[in-house]
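Okay, structure first, notes after.
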Amino acid sequence: MTTGAVSSPANWANVALPPRSSRPLIGELRARHLLDDGRYAGHFVQYHVKRGQGPARIRRELKEAGVEANFIDEALGSVSDWAEIARQVRRRRFGAKAPASWPEKGRQARFLQYRGFTNDHIRSALGPDFDPDS
């Protein structure tokens, strides 16, 4: 077996099967809709949203897994409100009380950025007076 990631259907052709026997098998699985990058991306996004991860991180991981950009965009577009997810993640980690000091806001902003949320999502989660760009 190869050492690379094979979790994505896009990478399954790279497993240690003889090349002549794996390509028809993968083609047949795709034709029967048993192997579907779009479905994989959708499940991946839903799973990682439940884990509190943002769109930037999820996009990067799907891209690393070899999923095509159109499937990634479609799966990420299925999430209705990333800002609300960022607020929930912040509350779960730091509590309901909004951060009062700038150092605490910075700490929470770095946490959300690590999780893959954009500056707009972070601003929404920390309050309107916070600007992560400054």
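Everything numeric in this text was worked out from a predicted model, so none of it was measured. Count residues from 1 along the sequence.
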Given the side-chain rings of Tyr47 and His43, with only the six-membered ring counted for Trp, is the space between their centroids under 6.0 Å?
no
Would Ser124 and His121 count as having a side-chain donor-acceptor pair, cut-off 3.5 Å?
no
Could you grab the distance from atom [atom1] of [X] to atom [atom2] of [Y], nearest 0.5 Å is fine?
X      : Y     : atom1 : atom2 : value
Glu61  : Ile72 : CD    : CD1   : 11.0 Å
Arg60  : Ile58 : CZ    : CD1   : 10.5 Å
Phe71  : Leu76 : CZ    : CG    : 13.5 Å
Asp120 : Trp82 : CG    : CH2   : 14.0 Å

Looking at every non-hydrogen atom in both residues, tell me the closest pair between Ser78 and Ala75 and how far apart they are.
OG-O, 2.6 Å
Determine whether Phe117 and Val89 make a side-chain contact, defined as any pair of heavy atoms from C-beta on separated by less than 4.5 Å.
yes
Are any of the side-chain heavy atoms of Leu126 and Pro99 separated by less than 4.5 Å?
yes
Counting only pairs under 3.5 Å, give me each side-chain donor-acceptor contact of residues 108-116, with atom names and distances, residues two or more places apart or in other chains.
{"unit_1": "Gln108", "atom_1": "OE1", "unit_2": "Arg90", "atom_2": "NH1", "d": "3.1"}
{"unit_1": "Gln108", "atom_1": "NE2", "unit_2": "Glu104", "atom_2": "OE2", "d": "2.9"}
{"unit_1": "Arg110", "atom_1": "NH1", "unit_2": "Gly106", "atom_2": "O", "d": "3.3"}
{"unit_1": "Arg115", "atom_1": "NH1", "unit_2": "Arg51", "atom_2": "O", "d": "2.9"}
{"unit_1": "Arg115", "atom_1": "NH1", "unit_2": "Gly52", "atom_2": "O", "d": "3.0"}

Taking only residues two or more places apart in sequence or in another chain, which ones pass side-chain hydrogen bond (donor to acceptor under 3.5 Å, both in side chains) with Glu84?
Arg87, Gln88, Arg91
Residues at least two apart in sequence or cross-chain that pass side-chain hydrogen bond (donor to acceptor under 3.5 Å, both in side chains) with Asp73, listed by chain then number, are Arg59
